[in-house]
Engineer: 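Mind having a look at this structure? Questions to follow.
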Amino acid sequence: MKVESAVINVIMYDEETKEMTIEFWNKIAFIYEGVPKKLYDEFLEASSIGQFFHRKVKDKFTFRKGE
């Protein structure tokens, strides 16, 4: 889903694998593993996507660079 953020362009979630993909405006994407669906839903509803990312996602999950 495309989001309104100065840093993040798109956030996607795969319920089957519990992976959340975050694509930044520079077109670099990272895939975060083991993300609960509830956290993804809260992320989309956050008043500040960037602040939520730094508080609840960054350095909290195993991740890899997307393609």
Side-chain angles (χ1 to χ4, degrees):
M1 168 174 281
K2 193 165 181 64
V3 295
E4 292 185 30
S5 170
V7 179
I8 296 172
N9 184 32
V10 175
I11 304 169
M12 296 175 286
Y13 186 76
D14 185 323
E15 288 190 51
E16 188 175 309
T17 63
K18 305 282 189 235
E19 292 182 334
M20 181 170 62
T21 302
I22 299 175
E23 179 187 286
F24 295 86
W25 279 105
N26 61 5
K27 301 297 182 191
I28 295 174
F30 291 94
I31 302 163
Y32 294 83
E33 302 171 2
V35 176
K37 173 76 165 69
K38 182 177 179 189
L39 184 88
Y40 168 73
D41 292 337
E42 291 171 358
F43 200 177
L44 295 180
E45 297 296 322
S47 59
S48 171
I49 297 291
Q51 286 181 6
F52 188 95
F53 172 74
H54 285 284
R55 280 193 338 266
K56 304 279 187 162
V57 179
K58 186 178 181 183
D59 300 326
K60 306 279 193 258
F61 297 92
T62 301
F63 68 92
R64 65 186 185 278
K65 191 171 180 183
E67 299 174 11

Engineer: Checking Arg55 now: which residues fulfil salt bridge (charged side-chain N to carboxylate O under 4.0 Å, His left out) with it, not counting sequence neighbours?
Structural biologist: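 Scan of Arg55 (salt bridge (charged side-chain N to carboxylate O under 4.0 Å, His left out), adjacent residues dropped) gives none.
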Engineer: Are there more than 12 heavy atoms of other residues, nucleotides or ligands under 6.0 Å from atom CD of Gln51?
Structural biologist: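 Counting neighbours around CD of Gln51, 12 or fewer heavy atoms of other residues, nucleotides or ligands fall under 6.0 Å, so no.
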Engineer: Less than 4.5 Å apart, any side-chain heavy atom of Leu39 and any of Tyr32?
Structural biologist: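 No - every pair of side-chain heavy atoms lies 4.5 Å or more apart.
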Engineer: Going by salt bridge (charged side-chain N to carboxylate O under 4.0 Å, His left out), name the residues that satisfy it together with Lys27, two or more places apart in sequence or in a different chain.
Structural biologist: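 For Lys27 the salt bridge (charged side-chain N to carboxylate O under 4.0 Å, His left out) partners, ignoring immediate neighbours, are Glu23.
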Engineer: Output all residues satisfying ring pair (Phe, Tyr, Trp, His ring centres under 6.0 Å) with Phe61, sequence neighbours left out; order by chain, then residue number.
Structural biologist: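 So Phe61 forms no ring pair (Phe, Tyr, Trp, His ring centres under 6.0 Å) with any residue.
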Engineer: Between OH of Tyr13 and CZ of Phe43, what distance do you get to the nearest 0.5 Å?
Structural biologist: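 One finds 13.0 Å between OH of Tyr13 and CZ of Phe43.
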Engineer: Tell me, do Ile31 and Asp14 make a side-chain contact under 4.5 Å, heavy atoms counted?
Structural biologist: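 They are not in side-chain contact.
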Engineer: Applying side chain to side chain donor-acceptor pair (under 3.5 Å), can you list everything that pairs with Lys37, at least two apart in sequence or on another chain?
Structural biologist: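 Checked Lys37 against side chain to side chain donor-acceptor pair (under 3.5 Å); matches are Asp41.
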Engineer: Residues in salt bridge (charged side-chain N to carboxylate O under 4.0 Å, His left out) with Lys38, at least two apart?
Structural biologist: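 Salt bridge (charged side-chain N to carboxylate O under 4.0 Å, His left out) list for Lys38, sorted by chain: Glu42.
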Engineer: Going by the rule salt bridge (charged side-chain N to carboxylate O under 4.0 Å, His left out), which residues pair with Lys60 if we only count those two or more places apart in sequence or in a different chain?
Structural biologist: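 Result, salt bridge (charged side-chain N to carboxylate O under 4.0 Å, His left out) vs Lys60: none returned.
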Engineer: Any side-chain heavy-atom pair from Glu19 and Val35 closer than 4.5 angstrom?
Structural biologist: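 They are not in side-chain contact.
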Engineer: Grouping I, L, V, M, F, W and Y whenever their side-chain heavy atoms are under 4.5 Å apart, do Trp25 and Met1 come out in a common cluster?
Structural biologist: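 Not linked; separate clusters.
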